[in-house]
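Worksheet: the structure to be examined is printed underneath.
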Amino acid sequence: GGGSAAEGGGEGDVVVDEETGATFPSELGGRRLVATGARRKFGAVKVYAVGLYLDHGSKLWGAAGVKAEGLLKEAPGKVALRLVITSSMATQARLVAALRESLQPRLLAALSPSSAGEAEAGEKADELLESFGSSLTHGPPLKPSAALVFVLATSGVEVHIDDSYKAMVQGPALAGALLATYVDAAAVTPKFRDAIFSSLR
């Protein structure tokens with residue numbers, strides 16, 4: 001998938017993702033757009049464009065050598081992800097399945113240290129994935145140009161679909177795993193991850 005760094009602009013400005021043509025507001029609830037990218041699936045199909053937003057006041061802006069760990073630590077309450085559907089293939093069920101596949105190993109890694117064992121971590125991960133999946137499937141049907149926003153709160157993930165639907169999924173581990181999906185070493189769109197870190201410098 002591709003990635004492009006967002007050049008800063010004022011309130012009301014729009015950034016166009018180079019690869020998909022999807023538009024992203026340069027500001028989102030007190031957060032500024034860091035970078036955008038495209039998620040491909042089924043070969044070359046661009047399923048959605050994604051943008052990462054970071055709180056205006058974050059110390060990571062202009063910080064040298066920001067790494068995934070630093071961003072993950074800073075994220076709760078300060079980061080939001082905005083996805084714009086770019087393919088009719090991206091139904092709720094497919095999006096939930098794709099996110100589940102990316103989130104599961106990351107959730108297990110995050111939950112294992114505080115769990116009694118693998119089985120308990122697995123159960124907790126499944127519960128979070130179930131709640132997250134259900135928050136998406138209860139929203140309005142996804143179609144091209146629909147926008148989803150995931151606000152990474154300290155207590156979990158706030159899910160918005162277009163302007164009409166909002167749900168809250170409790171679980172800080174879910175917020176971390178969702179961000180890790182896009183910024184860790186095995187990120188689903190490496191170009192987007194690289195664009196995020198080059199834009200913060």
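Residue numbers count from 1 along this sequence.
Residues Y165 and F150 are members of one and the same hydrophobic cluster, defined by side-chain heavy-atom contacts under 4.5 angstrom among Ile, Leu, Val, Met, Phe, Trp and Tyr. No continuous path of ILVMFWY side-chain contacts below 4.5 Å connects L108 to V96, so the two sit in separate hydrophobic clusters.
Between the side chains of S87 and K46, no donor-acceptor pair is found at a separation under 3.5 Å. Side-chain polar atoms of S58 and D55 form no donor-acceptor pair below 3.5 angstrom. With no hydrogens or angles considered, a side-chain donor-acceptor pair links D17 and T36 at under 3.5 Å.
Here L103 contributes atom CG and L128 contributes atom CG; the two are 9.5 Å apart, rounded to the nearest 0.5 Å. Here the CG-CD distance, from L111 to E127, works out to 10.0 Å after rounding to the nearest 0.5 Å. From T181, atom OG1 reaches atom CZ of R106 across 4.0 Å, with rounding to the nearest 0.5 Å. Put simply, CG on L95 and CE on M89 are 14.0 Å apart, with the number rounded to the nearest 0.5 Å. From L52, atom CG reaches atom CG of L33 across 8.0 Å, with rounding to the nearest 0.5 Å. Taking CZ from R39 and CG from L99, the interatomic distance works out to 8.5 Å, rounded to the nearest 0.5 Å.
T137 contributes a side-chain N or O that, together with a main-chain N or O of S134, makes up a donor-acceptor pair within less than 3.5 Å. The backbone N or O of G117 sits nowhere less than 3.5 Å from a side-chain atom of S115 that would complete a donor-acceptor pair. For E158 (side chain) and V149 (main-chain N/O), no donor-acceptor pair under 3.5 Å exists by modelled atom type.
Residue E118 places its CD atom among 12 or fewer non-hydrogen atoms of other residues, nucleotides or ligands, all under 6.0 Å distant. Within a 6.0 Å sphere centred on NE2 of H138, heavy atoms belonging to other residues, nucleotides or ligands number 12 at most. Atom CD of Q170 has more than 12 neighbouring heavy atoms from other residues, nucleotides or ligands inside a 6.0 Å radius.
For the pair R32 and Y53, the cation does not sit on the ring face, since its NZ or CZ is not both under 6.0 Å from the ring centre and inside 45° of the axis.
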**Request:** Apply the test side-chain contact (heavy atoms from CB on, under 4.5 Å) to residues V157 and V159: give CA-CA distance (whole Å), side-chain angles for both, the deciding distance (0.1 Å), then the verdict.
**Result:** CA-CA 6 Å; V157 178; V159 176; 4.2 Å; yes
**Message:** One pair to check against side-chain contact (heavy atoms from CB on, under 4.5 Å): L54 and L200. What are the steps and the verdict?
**Reply:** CA-CA 10 Å; L54 176 64; L200 286 172; 3.6 Å; yes
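Y182 and F192 have perpendicular rings, their planes meeting at more than 60° on a 0 to 90° scale where under 30° would count as parallel.
Under the 4.5 Å side-chain criterion, counting only non-hydrogen atoms from C-beta, L60 is not in contact with V34.
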